[in-house]
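These notes are about the structure you will find just below.
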2 protein chains.
Amino acid sequence: MPAKPLPPVFAPAGGRATIADVAEKAGVSKATVSRFLNRRDELLTPEIATRVETAIAALGYSPSPMAQALKRGRSRLVGLVVADVTNPFSVAVLRGAEKACQQAGYLLMLFNLGDDSQRERDAIQALASYHVEGLILNTLGRDEGAAAAVARQGRPVVLVDRRHANMQADFVSLDNAGAIRLAAGHLLDAGWDDLLFVTEPAVGVSSREERVAAFRAFLATHPQATGRIVEASPGAPQPLEAALREQHAAGRRPAVLASNAVITLRVADAVARLGWTFGRDLGFVGIDETEWAPLVGPGLSTIAQPTDALGRLATACLLERLQGLDVPPRQILLPGELVVRASSIRDPGVN
Amino acid sequence: MPAKPLPPVFAPAGGRATIADVAEKAGVSKATVSRFLNRRDELLTPEIATRVETAIAALGYSPSPMAQALKRGRSRLVGLVVADVTNPFSVAVLRGAEKACQQAGYLLMLFNLGDDSQRERDAIQALASYHVEGLILNTLGRDEGAAAAVARQGRPVVLVDRRHANMQADFVSLDNAGAIRLAAGHLLDAGWDDLLFVTEPAVGVSSREERVAAFRAFLATHPQATGRIVEASPGAPQPLEAALREQHAAGRRPAVLASNAVITLRVADAVARLGWTFGRDLGFVGIDETEWAPLVGPGLSTIAQPTDALGRLATACLLERLQGLDVPPRQILLPGELVVRASSIRDPGVN
DNA sequence: TTGTAAGCGTTATCAC
DNA sequence: GTGATAACGCTTACAA
């Protein structure tokens, strides 16, 4: 029988204290320490409990989540995949999710796609390899492989803002249809009846598609309004400016409905270049409230998304699933809130 | 001798494939698979190598970073503590850091303080418990405990934008003094000689303190300019507006130098409330370039921080340390870039 | 009520 | 060259 190497008698050398150090210091077994940690109340002599407790305090011990994860297969980690951290909407959601996670004792692992949908699959696998217990996905929703990757992991997933083609999962989002009705209805009420819906290329991105469809539906049910849809892609500002010019040439004052904050920036840029003024030469409402919306021109009207709630709810859904809730995929749609500023108020002095 | 339980002959049940599964499928030992993974070239019969390779492919195996971390004490994880994810500057840096990490095969673990400096210490400990190999800190820099926590971990740290009282670590930041000189010099050149430096409460936050000091120094060396420092705290917009009003009452046209984007928003707000116009009633340069700077009033002049480079360099510093580089703490200061827009051009029609 | 020992998925140190 | 085998820090039957 080979001589068993004695456990070291000295305090933890360089690294952190381990459960073995605590056990030794308290004069008990590792199992006892583990029990104290996990099921403090059950079966524990008060005397031993205090011995363990003081040992833990003395050593400044805290368990290694890595080792725990390895053993129990749970990591207290939630993966968050974000299409683009530069997008304030995503960040706002992230913030909500992060708060909720921290409150529940989870840590967030972040993977930013940088708008490169190719990497969605990598992201999911990278996160999965760290045994994240679940995923919150705010992605382009185009990567086929991603769905498969998720399915293979068998971990709960919550989709935020964008649905995913082949992914059966809880979905948390702005009520896009309602938001469009709210915005377009407001413009109509304010006297703008010539609407221009401006969006990023919509194909394949569910939230954009839904907004476009809702706009179409609005037009169909409101014959007193005329409308048009313009796709503004990053490279080419022309179509947007051209569309605006055309309207003016035809002697009309259009109102723009911007499908998100990125588009709002482009519209503001075009308007500045044309030398137009919001509220006078055109009406405007944009989806996504931003800190700068009040400062552009006379102030831009917006539909504020409940970003914080979206993030919190997404996390809440995920945590419920992690606790074993087994119901069919849910959809949670939250209403947007109209913030009226001068850009959508028709300047009485004109026309 | 108790009967050794036979390893399962079937494919990995529910979870992911492990190194043992691969070994079995390839008909070799775990050690061989591990060798193949880590030191592919050394000592490996081509035939065995291919057998392992195909087994890995067939099983879709990838090693568990958790287990690796447990074994080698390295996790390929970098912790990032951000004072406030809502701050576009922080996000921009985050983005740079994230890119660099991904390229180096590291994953970023994010902890957001939500501007609550009390949680800095918690953040560091939470991250440390996941065996992050190093930390990138963009914090308030006020938490005493945090420094101690870091020291205890003995892991490399890089400070971004804000120094930390008792922390000896690499430091990556905008050259604050240079940026202030650049901005103030530009205003002076443009004919504004009555400067108002607006900052958030500076005490204890190194970047703010440095900027204030640099502004003082600028005034000292440029007697042709007069100047004043205003602290604008979140709750009270009064001091700022009051200061602007006073200047006008005295028949002067001040120029504001905003110490960051948050202040820029407050200034723009105050200016809107006063009914003033940038470039005519006051001059303006703000630190931090934003996407909306061109759209506010006639366009706001800014000092653009090299955010992406800051993030990348911070990561680079950290990775060097992780590879064993042992030199005294470094300071990397990057220059800001002046972006001139109409807000700092003195309207020739007035005065 | 507590201790012993096996095992989570790796890597590293030996033998062979 | 390759294979046992012992860790890494923890949890959990099972034994005592």
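- Using a 4.0 Å heavy-atom cutoff across all strands shown, Ile48(B) reaches sugar-phosphate atoms only and no base atom.
- If you measure from atom CZ of Arg39(B) to atom C1' of dT11(C), you get 9 Å, rounded to the nearest angstrom.
- When the nucleotides dT10(C), dG9(D), dT1(C) are ranked by their closest atom to the side chain of Thr45(A), dT1(C) comes out on top.
- Checking dG9(C), dC10(D), dT10(C) against every side-chain atom of Lys30(A), the shortest atom distance belongs to dC10(D).
- Just one residue in the list Ile56(A), Leu59(A), Val52(A) forms a side chain to side chain contact (heavy atoms under 4.5 Å, CB included) with Lys25(A), and that residue is Leu59(A).
- Annotation: the span from Met109(A) atom CE to Met109(B) atom CE amounts to 6.0 Å, rounded to 0.5 Å.
- With salt bridges taken as basic N to acidic carboxylate O contacts below 4.0 Å, none links Glu98(B) and Arg312(B).
- Atoms CZ (Arg76(A)) and P (dC10(D)) sit 16 Å apart, rounded to a whole Å.
- Tyr61(A) has a side-chain polar atom (N or O) that falls below the 4.0 Å cut-off from OP1 or OP2 of dC10(D).
- Rounded to whole angstrom, the span from the CE atom of Met66(B) across to the C1' atom of dC10(D) amounts to 13 Å.
- For the pair Glu47(A) CD and dT1(C) C1', the interatomic distance rounds to 12 Å; values are reported in whole Å.
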Protein-nucleotides 13-15 of chain D N/O pairs under 3.5 Å:
none

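- Rounded to whole Å, atom C1' of dT4(C) lies 14 Å from atom CD1 of Ile19(A).
- At a cut-off of 3.5 Å, with distance as the only test, no side-chain donor of Asp84(A) or Ser90(A) sits close to an acceptor on the other residue.
- Put simply, Gln68(B) has no side-chain N or O that comes within less than 4.0 Å of OP1 or OP2 on dG9(C).
- OP1 or OP2 of dG3(C) lies within a sub-4.0 Å distance of a side-chain N or O belonging to Thr32(A).
- Here Asp170(B) pairs with Arg321(B) in a salt bridge; the nearest charged N to carboxylate O distance falls below 4.0 Å.
- In this structure, of dG9(C), dT11(C), dC10(D), it is dG9(C) that holds the atom nearest to the side chain of Thr18(B).
- Distance from the side chain of Ser29(A) is smallest for dG3(C) among the nucleotides dG3(C), dG3(D), dG9(D).
- No donor-acceptor pair closer than 3.5 Å links the side chain of Thr307(B) to the backbone N or O of Ala92(B).
- Residues Leu322(A) and Pro156(A) approach most closely at CD2-CG, 3.5 Å, considering heavy atoms.
- To the nearest angstrom, C1' of dT12(D) lies 18 Å from CZ of Phe36(A).
- The side chain of Lys71(A) lies closest to dC8(C), out of dA4(D), dC8(C), dG3(C).
- Formation of a donor-acceptor pair under 3.5 Å by the Glu133(B) side chain with backbone atoms of Arg76(B) is found in this model.
- Closest-nucleotide positions on DNA chain D for Gly27(B) and Ser64(A) were compared, and the one nearer the 5' end corresponds to Gly27(B).
- Note: CG (Leu70(A)) to C1' (dT10(C)) measures 8 Å, nearest angstrom.
- Residue Ser34(A) places at least one side-chain N or O under 4.0 Å from the OP1 or OP2 atom of dT11(D).
- Rounded to a whole Å, the NE2 atom of His131(B) is 13 Å from the P atom of dC8(D).
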